[in-house]
S.K.: 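First the structure, which I've put down as structure tokens, then a few questions once you've had a look.
Just so it is clear, the values below take in all heavy atoms, side chains as well, and ignore hydrogens, waters and symmetry mates. A note on names: the letters A, B, ... follow the listed sequences, proteins ahead of strands, and every chain is numbered from 1. Since the structure is predicted, the reported quantities are computational estimates derived from the model, not experimental observations.
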Amino acid sequence: MSTQEIYEHFTLPLLQWFHQYGRKDLPWQIPGNAYAVWISEIMLQQTQVRTVIPYFLRFMNTFPTLRTLACASEDQVLAQWSGLGYYSRARNLHKTAKIICNDFHDYFPDDIETLMKLPGIGPSTAAAIASLAFNKPTAILDGNVKRVLCRYFLIAGSMEQTSVTRQLWQLAKQCMPLHDCAAYTQAIMDLGATCCTIKSPNCSNCPLHTTCLAYQTNEVAHYPHKKLKK
DNA sequence: ATCCCGTGTA
DNA sequence: TACACGGGAT
């Protein structure tokens, strides 16, 4: 499938679906606020949207800016994180806030390479911040995106195979448009979360079902392939 | 490429 | 109690 065809049949309908049905009112969807995007991405690594919302609001109420977070004590940060678990992530959050304040003069880095050098920010979170907060065409590949791409392009093989991961990364990059990057990233995640779900996917309401290879071949339930047992 | 981590669940 | 998950670090 050419890049042009992917745009026409995958990316564009997905964007249109998102503009009509997607969630655009989540508390961290504040245009240009990389700080809010970053905090939410770290929380969302481990916890569902519904649960994250109250923690996020409380956290932002206590630490409304990068600087307030950097100037807080670690105990204050941990207190606001209390209940979420994975406390090393809260410690990394605090370290990174200090680094950005001290070394970057309060300006949140907007390129993947710099973002990935910060504690607690890996390939996934770096790409999410660059696209969601800075509208850059950096593809993400989380669990939801993997499932959508595996089904749409009928990618066989189990998920831990590096060949599969490489294919998926390539497709993820091909699907990313040069405009509306933030909307696109949010759109593909929303589709995976609400439509292209693991159990009982809602194909009849999916904006991509007319060209989805798994749907066309009645194979949706069998994709992505299960991990092979050791 | 491989390992490690904290957490939820079968 | 072992494994799956979803990430990061090296």
S.K.: Find the distance I198(A):CD1 to dT9(B):C1' and express it as a whole number of Å.
M.R.: 14 Å

S.K.: Return the value, rounded to whole Å, for the distance between atom CG of D142(A) and atom C1' of dC5(C).
M.R.: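 Distance check: D142(A) CG to dC5(C) C1' gives 12 Å.
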
S.K.: Salt bridge or not between R23(A) and D190(A)? Use side-chain N to carboxylate O under 4.0 Å.
M.R.: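 D190(A) and R23(A): not salt-bridged.
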
S.K.: May I have the distance from Q45(A) (atom CD) to dG8(B) (atom C1'), rounded to whole angstrom?
M.R.: 17 Å

S.K.: For a side chain to side chain donor-acceptor pair (under 3.5 Å) check, start with the C-alpha distance between N144(A) and R147(A), then their side-chain angles and the critical distance, and finish with the verdict.
M.R.: CA-CA 5 Å; N144(A) 282 334; R147(A) 190 170 55 255; 2.8 Å; yes

S.K.: Is the Y152(A) to F10(A) ring centre distance short of 6.0 Å?
M.R.: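 So the answer is yes for these two rings.
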
S.K.: Please determine, by modelled atom types, if H222(A) and E219(A) share a side-chain donor-acceptor pair under 3.5 angstrom.
M.R.: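 A pair is found: one side chain offers a donor N or O, the other an acceptor, under 3.5 Å apart.
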
S.K.: H209(A) side chain to N205(A) main-chain N or O, any donor-acceptor pair under 3.5 Å?
M.R.: no

S.K.: Quick one: do T62(A) and Q80(A) satisfy side chain to side chain donor-acceptor pair (under 3.5 Å)? Show the steps, please.
M.R.: CA-CA 8 Å; T62(A) 312; Q80(A) 294 307 305; 3.0 Å; yes

S.K.: Whole-Å distance between dC5(C) P and Q48(A) CD?
M.R.: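 In whole Å, dC5(C) P and Q48(A) CD are 15 Å from each other.
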
S.K.: Restricting both atoms to N or O, compile the protein contacts to nucleotides 4-6 of chain B shorter than 3.5 Å, with distance only.
M.R.:
from   : atom 1 : to     : atom 2 : distance (Å)
dG6(B) : N2     : Y86(A) : OH     : 2.9
dG6(B) : N3     : Y86(A) : OH     : 3.1

S.K.: Between dG7(C) atom P and W169(A) atom CH2, what is the distance in whole Å?
M.R.: 11 Å

S.K.: Mind listing the residues from residues 116-139 of chain A sitting with a heavy atom below 4.0 Å of DNA chain C? Number order is fine.
M.R.: P119(A), G120(A), I121(A), G122(A), P123(A), S124(A), T125(A)

S.K.: Should L84(A) and V37(A) be regarded as members of a common hydrophobic cluster, given that ILVMFWY residues are connected when their side-chain heavy atoms come within less than 4.5 Å of each other, either directly or indirectly?
M.R.: yes

S.K.: Using atom CZ of R91(A) as one end and atom P of dA9(C) as the other, report the distance to the nearest whole Å.
M.R.: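 Rounding to the nearest Å, CZ of R91(A) and P of dA9(C) are 15 Å apart.
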
S.K.: Round to a whole Å and report the spacing from CD of Q46(A) to C1' of dG8(C).
M.R.: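 It is 13 Å, rounded to the nearest whole Å.
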
S.K.: So, T125(A) and E41(A): side-chain donor and acceptor under 3.5 Å apart, yes or no?
M.R.: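 No pair is found: no donor N or O on one side chain lies under 3.5 Å from an acceptor on the other.
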
S.K.: What is the distance, rounded to the nearest whole Å, between atom CG of N92(A) and atom P of dA9(C)?
M.R.: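 Distance, rounded to whole Å: 6 Å.
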
S.K.: What do you reckon, are the aromatic ring centroids of F63(A) and F59(A) less than 6.0 Å apart?
M.R.: yes

